Amino acid sequence: MQNNHSTTLPVVPLPLRARQEGGLSLLAPWLVLLLLAAFPLVAPLLGLEYYVGFVQRLMIYSIAVSSLNFLVGYGGMVALGHAGFLGIGAYTLVALFDSGQDSIWLAWVLAMGVSGLFALLIGSISIRTRGMYFIMITLAFAQMLYYLAVSFNRYGGEDGYGIYVPLSLGSWLDDIPHALYWVVLCVAALVFAMGSRVAGSRFGLALQGIRDNEVRMGAMGYPVYAIRLLAFVVAGAFAGLAGAMLAVNNNFVSPSMMSFGESAGLLVMVILGGMGHRWGPALGVAVWLTLAEVLKLYTDYWHWPMGLILLLSVFLLPAGLAGGSRKRVIK
């Protein structure tokens, strides 16, 4: 005779627990968004005005790292030249500014378009390769873009290009203090929301299926090449947007944005945050750049403790900082 209590007792708390966790997971992003939105208003009261620009930079890098996480975490395409698209977006803004335009919105839209076009050209060749060959060919293309930027004497060459005239968000936005901060926050929030929707869409699920078993997905009739190429283009376009936003944030653009070190740094932040996790990019960016900022205050040789921290995180948190999240995408 079966014990009815043994079958009914476990069933009762599980839905309640799921609802509680679901409520917390839905509330957390809105709480973070509210805190970030309020930060420029409370920062002067706390003597933290300098960090308004720093948090703005974190949000921009979160967009760039999210685009790389889309390739690495969802698509299984480990690109080591993703910073090349940052530079394309930044130099698109510089070219537009040099021609007499000062609209930030127009520059950002064009930066996405031009970066997406370059990603289409580069991706059409790169995604025909796999594994180490894909890593090396993306790095090779990024280095080609780097030396191309160095040869642009009109835009400062190796010395870079300074933006000394303020760019415009629009007549009424230009009059609001910290308007750029809130615009960046809105764009970053939209990018994360879109990323979450795409991850659960048919396209996102197909991309993850190709990552796990490309041969089987091809046998089922999925256009493997087209899906991988589209993912590469989307990631490149959003990286270009982040590059144009960094140009506005820094008022300066240089070929170093496309360097190997910058591409490696983006990949490190993806790994640290957790590949394929929804909030992995934001966590990786926040921890990595904050540690770099703090360590620079104490030593000029801050790279070695950063390397040690990365090694420890790989051993202690192999799934990244977001590894314990229930919103995990990859197994």
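Below, each value reflects all heavy atoms present in this structure, side chains not excepted, and no hydrogens, waters or symmetry copies. All values reported here derive from a predicted model rather than from experimental measurement.
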message: With a 4.5 Å cut-off on side-chain heavy atoms, are Leu80 and Phe260 touching?
response: yes
message: Do Leu169 and Ile176 make a side-chain contact, defined as non-hydrogen atoms from C-beta onward lying under 4.5 Å apart?
response: no
Gap between atom OH of Tyr61 and atom CH2 of Trp288 - 0.5 Å precision: 13.0 Å
message: Would the distance check show the side chain of Thr290 and the main-chain N or O of Val287 forming a donor-acceptor pair, the cut-off being under 3.5 Å?
response: no
task: Could you grab the distance from atom CG of Leu316 to atom CG of Leu321, nearest 0.5 Å is fine?
output: 11.0 Å
message: Can you tell me if Glu158 has over 12 outside heavy atoms packed within less than 6.0 Å of its CD?
response: no
task: Indicate yes or no for a side-chain donor-acceptor contact from Asn69 to the backbone of Gly276 under 3.5 Å, with no hydrogens or angles considered.
output: yes
message: With heavy-atom distances below 4.5 Å as the criterion, would you say the side chains of Val184 and Met245 are in contact?
response: yes
statement: dist Phe192:CZ -> Leu190:CG (nearest 0.5 Å) comes out at 11.5 Å
query: Do Leu205 and Gln208 come close enough that some side-chain heavy atom pair is under 4.5 Å?
result: yes
query: Is a side-chain donor or acceptor of Arg197 paired with a backbone partner of Ala193 at a separation under 3.5 angstrom?
result: no
task: Please state whether the rings of Tyr91 and Tyr155 are parallel, tilted or perpendicular, taking 30° and 60° as the class boundaries.
output: tilted
task: Tell me, yes or no, whether the heavy-atom count around Tyr147 atom OH, taken from other residues, nucleotides or ligands under 6.0 Å, exceeds 12.
output: no
- prompt: Taking Tyr181 for the side chain and Ala37 for the main chain, is one N or O donor matched with an acceptor at less than 3.5 Å?
  reply: no
message: Rounded to the nearest 0.5 Å, what separates atom OG1 in Thr92 from atom CZ in Phe118?
response: 7.5 Å
message: Do Val183 and Ile104 make a side-chain contact, defined as non-hydrogen atoms from C-beta onward lying under 4.5 Å apart?
response: no
task: Measure the spacing between OH of Tyr225 and CD1 of Ile127 and express it to the nearest 0.5 Å.
output: 4.5 Å
- prompt: Would you find a donor on one side and an acceptor on the other, under 3.5 Å apart, between the side chain of Ser168 and the backbone of Asp102?
  reply: no
task: Using a 4.5 Å cut-off on heavy atoms from C-beta on, say whether the side chain of Val253 contacts that of Leu93.
output: no
query: Can you tell if the side chain of Tyr74 reaches within under 4.5 Å of the side chain of Val198, non-hydrogen atoms only?
result: no
statement: Rounding to 0.5 Å, atoms CE (Met269) and CG (Leu289) come to a distance of 5.0 Å
query: Is the backbone of Gly123 close enough, under 3.5 Å, to the side chain of Ser126 for a donor and an acceptor to pair up by distance?
result: no
- prompt: Any side-chain heavy-atom pair from Leu310 and Ser313 closer than 4.5 angstrom?
  reply: yes
